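Everything below concerns the one structure shown next.
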Amino acid sequence: MSRILLPEEYPYFYETHMHTAQGSACASSTGAEIARAYKEAGYTGIIITDHNWYGNTAIRESLSWAEWIRQFTRGYEEAAAWGEQNGLSVFWGYEACYEGNEFLIYGLSPEFLKEHPQLKDATVKEQYEIVKQAGGMVVHAHPYREASYIPKVRFFPGLADAVEVINAGHYNRFTQKNQIYNVKAIDYAKEQQLPMTAGSDMHCDKLFGGGMAFTEKLTDLQHFCRKVLEEEDYLLTDGVFWYTKQGEPIHMVNWD
């Protein structure tokens with residue numbers, strides 16, 4: 001497997017958007033399989049963001065709330081166990097879906113989710129208020145994506161803390177197509193004066209190389225949230241180019 005060569009000043013590299021087969025019906029690699037792939041590719045850590053109850057989840061809707069969450073976190077738990085044994089940081093988040101429009105939720109915990117069943121049928125506004133009160137962060141994922149499951153591109157001013165402007169699933173070293181989605185997202189984040197994030201949206205262990213590189217190791221997801229919300233020093237990448245935190249391209253990514 002290829003290994004990404006990191007800029008010397010940014011040696012800590014994280015995937016912020018990925019799915020496991022245990023939690024997402026559209027994924028094909030287990031938590032352990034995909035964790036191993038990220039470690040081999042040179043990542044410091046990963047954030048599991050499986051599709052939640054109204055997204056393309058792999059978990060049966062008929063289950064009780066507690067049992068649904070228990071099964072929903074299996075991919076994360078498997079990846080975390082592998083990471084603990086092999087030196088890969090593994091954090092938990094999820095991707096929330098509202099009629100095709102999606103948000104990445106960071107900084108909560110499975111226990112918090114279990115104790116707040118009102119999140120299941122919360123509106124976008126209610127979701128934002130609950131997550132913010134808990135000290136978490138809401139990121140509008142790939143806002144300009146066009147796909148069969150997205151009936152309409154919509155925006156939610158004031159109800160997201162940041163924008164995922166680089167989604168390596170749109171533009172990567174294998175396909176190099178649909179880059180316009182990322183370009184538009186960068187412009188939107190600038191217009192709204194919102195921080196920017198980057199991730200791969202990976203569903204298997206054949207990695208694109210997207211993510212975010214930092215000057216220091218992240219201790220937990222609250223640390224990640226602070227880095228983004230305070231727009232501290234970090235780089236974004238789709239696995240093809242490195243970008244500044246303002247979405248400006250710097251140079252090509254080198255792979256070993």
Side-chain angles (χ1 to χ4, degrees), residues 1 14-41 43-98 102-122 127 130-131 134 136-139 141 149 164 167-169 199-208 210-211 218-225:
M1 173 177 289
Y14 294 85
E15 174 63 87
T16 69
H17 186 173
M18 56 165 292
H19 303 271
T20 73
Q22 290 101 323
S24 299
C26 42
S28 58
S29 295
T30 66
E33 290 169 343
I34 206 163
R36 181 183 299 108
Y38 276 102
K39 176 67 176 179
E40 292 175 354
Y43 284 75
T44 308
I46 58 178
I47 307 174
I48 307 291
T49 55
D50 278 320
H51 292 292
N52 77 341
W53 39 92
Y54 292 133
N56 198 12
T57 183
I59 315 303
R60 298 196 313 275
E61 186 179 353
S62 60
L63 296 174
S64 68
W65 181 243
E67 180 61 18
W68 193 96
I69 294 168
R70 189 187 73 80
Q71 294 195 24
F72 181 61
T73 58
R74 287 186 305 170
Y76 158 73
E77 290 168 354
E78 183 178 292
W82 190 96
E84 186 174 357
Q85 294 178 356
N86 295 279
L88 181 77
S89 297
V90 180
F91 305 119
W92 181 82
Y94 64 90
E95 187 169 19
C97 182
Y98 289 86
E102 293 172 308
F103 301 87
L104 295 163
I105 309 299
Y106 302 109
L108 304 185
S109 68
E111 292 73 24
F112 181 89
L113 204 61
K114 188 182 300 183
E115 294 168 0
H116 293 79
Q118 65 267 36
L119 271 167
K120 184 174 188 293
D121 291 309
Q127 169 187 256
I130 293 170
V131 173
M137 179 172 69
V138 178
V139 176
Y149 73 93
E164 183 191 51
N167 186 294
S200 294
D201 205 352
M202 282 313 301
H203 290 68
C204 68
D205 58 4
K206 304 298 187 290
L207 307 186
F208 296 153
L218 301 178
T219 56
D220 52 33
L221 269 196
Q222 281 68 37
H223 191 193
F224 170 69
C225 293

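One is the number of the first residue; the rest follow in order along the sequence. Small disclaimer: the values here were computed from a predicted structure and weren't measured. Reckoned from all heavy atoms, side chains included, excluding hydrogens, waters and symmetry mates.
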Evaluate the side-chain proximity of Val90 to Tyr76: yes if any heavy-atom separation is below 4.5 Å, no if none is. yes
Ser200 to Tyr38 - nearest heavy-atom pair and separation: CB-OH, 4.3 Å
Begin with the C-alpha distance, continue with both residues' side-chain angles, and end with the deciding distance and a verdict on side chain to side chain donor-acceptor pair (under 3.5 Å) for Asn56 and His19. CA-CA 10 Å; Asn56 198 12; His19 303 271; over 6 Å; no
To the nearest 0.5 Å, tell me how far Phe103 CZ sits from Glu95 CD. 10.5 Å
Less than 4.5 Å apart, any side-chain heavy atom of His203 and any of Ser29? no
Main chain of Glu67, side chain of Ser64: is a donor-acceptor contact present, judged purely on distance under 3.5 Å? yes
Correct closest heavy-atom pair for Cys97 and Asn52 would be N-OD1, 3.3 Å
Identify the two heavy atoms, one from Thr73 and one from Arg70, that lie closest to each other, and give their separation to 0.1 Å. OG1-O, 3.1 Å
Less than 4.5 Å apart, side chain to side chain, heavy atoms only: is that true for Met137 and Val131? no
N/O donor-acceptor pair under 3.5 Å between Asn167 side chain and Gly199 backbone: no
Is there a side chain to side chain contact (heavy atoms under 4.5 Å, CB included) between Asp205 and Arg36 once you walk through the steps? CA-CA 8 Å; Asp205 58 4; Arg36 181 183 299 108; over 6 Å; no
Is a side-chain donor or acceptor of Trp65 paired with a backbone partner of Leu113 at a separation under 3.5 angstrom? yes
For Trp68 and Thr57, what are the C-alpha separation, side-chain angles and deciding distance, and is it a side chain to side chain contact (heavy atoms under 4.5 Å, CB included)? CA-CA 10 Å; Trp68 193 96; Thr57 183; 3.6 Å; yes
Any sub-3.5 Å donor-acceptor pair from Glu78's side-chain atoms to Ala32's backbone N or O? yes
Ignoring hydrogens and angles, tell me if any N or O in the side chain of Tyr149 forms a donor-acceptor pair with the backbone of Gly55 under 3.5 Å. no
Kindly give the heavy-atom pair with the smallest separation between Leu207 and Ala41, and that separation in Å. CD1-CB, 3.7 Å
Are the side chain of Lys39 and the backbone of Gly87 linked by a donor-acceptor contact shorter than 3.5 Å? yes
With side chain to side chain contact (heavy atoms under 4.5 Å, CB included) as the test, would you mind laying out the steps for Gln22 and Thr30 before giving the verdict? CA-CA 6 Å; Gln22 290 101 323; Thr30 66; 3.8 Å; yes
Output the distance between atom CD1 (Ile105) and atom CD1 (Ile47), rounded to the nearest 0.5 Å. 12.0 Å
Check the side chains of Asp50 and Ser24 for a donor-acceptor pair under 3.5 angstrom, ignoring hydrogens and angles. yes
To the nearest 0.5 Å, how far apart are CD in Glu15 and CD1 in Ile34? 8.0 Å
Please determine whether side chain to side chain contact (heavy atoms under 4.5 Å, CB included) holds for the pair Phe224 and Thr16, giving the CA-CA distance in whole Å, both sets of side-chain angles, and the decisive distance to 0.1 Å. CA-CA 10 Å; Phe224 170 69; Thr16 69; 4.0 Å; yes
Between His116 (side chain) and Lys114 (backbone), is there a donor-acceptor pair under 3.5 Å? no
Taking atom CD as the centre, does Glu61 end up with more than 12 heavy-atom neighbours from other residues, nucleotides or ligands that are less than 6.0 angstrom away? no
Is the backbone of Phe112 close enough, under 3.5 Å, to the side chain of Glu115 for a donor and an acceptor to pair up by distance? no
For Tyr98 and Tyr54, what are the C-alpha separation, side-chain angles and deciding distance, and is it a ring-ring contact (aromatic ring centres under 6.0 Å, His included)? CA-CA 7 Å; Tyr98 289 86; Tyr54 292 133; 8.0 Å; no
What is the ring orientation for Trp53 with Tyr94, classed by angle as parallel under 30°, tilted 30 to 60°, or perpendicular over 60°? tilted
Distance, nearest 0.5 Å, that separates OG of Ser89 from OH of Tyr14: 5.0 Å
Has Thr49 got a side-chain atom pairing as donor or acceptor with Met18's backbone, closer than 3.5 angstrom? yes
Shortest non-hydrogen separation from Ala21 to Ala27 and the atoms involved: N-CB, 3.6 Å
Pairwise distance CD1(Ile48) to CH2(Trp92) - rounded to 0.5 angstrom: 11.5 Å
Which pair of heavy atoms, one from Pro110 and one from Ile69, lies closest together, and at what distance? O-CG2, 3.9 Å
State the CZ-OG distance between Phe91 and Ser109, to the nearest 0.5 angstrom. 14.0 Å
Is a side-chain donor or acceptor of Gln222 paired with a backbone partner of Gly107 at a separation under 3.5 angstrom? yes
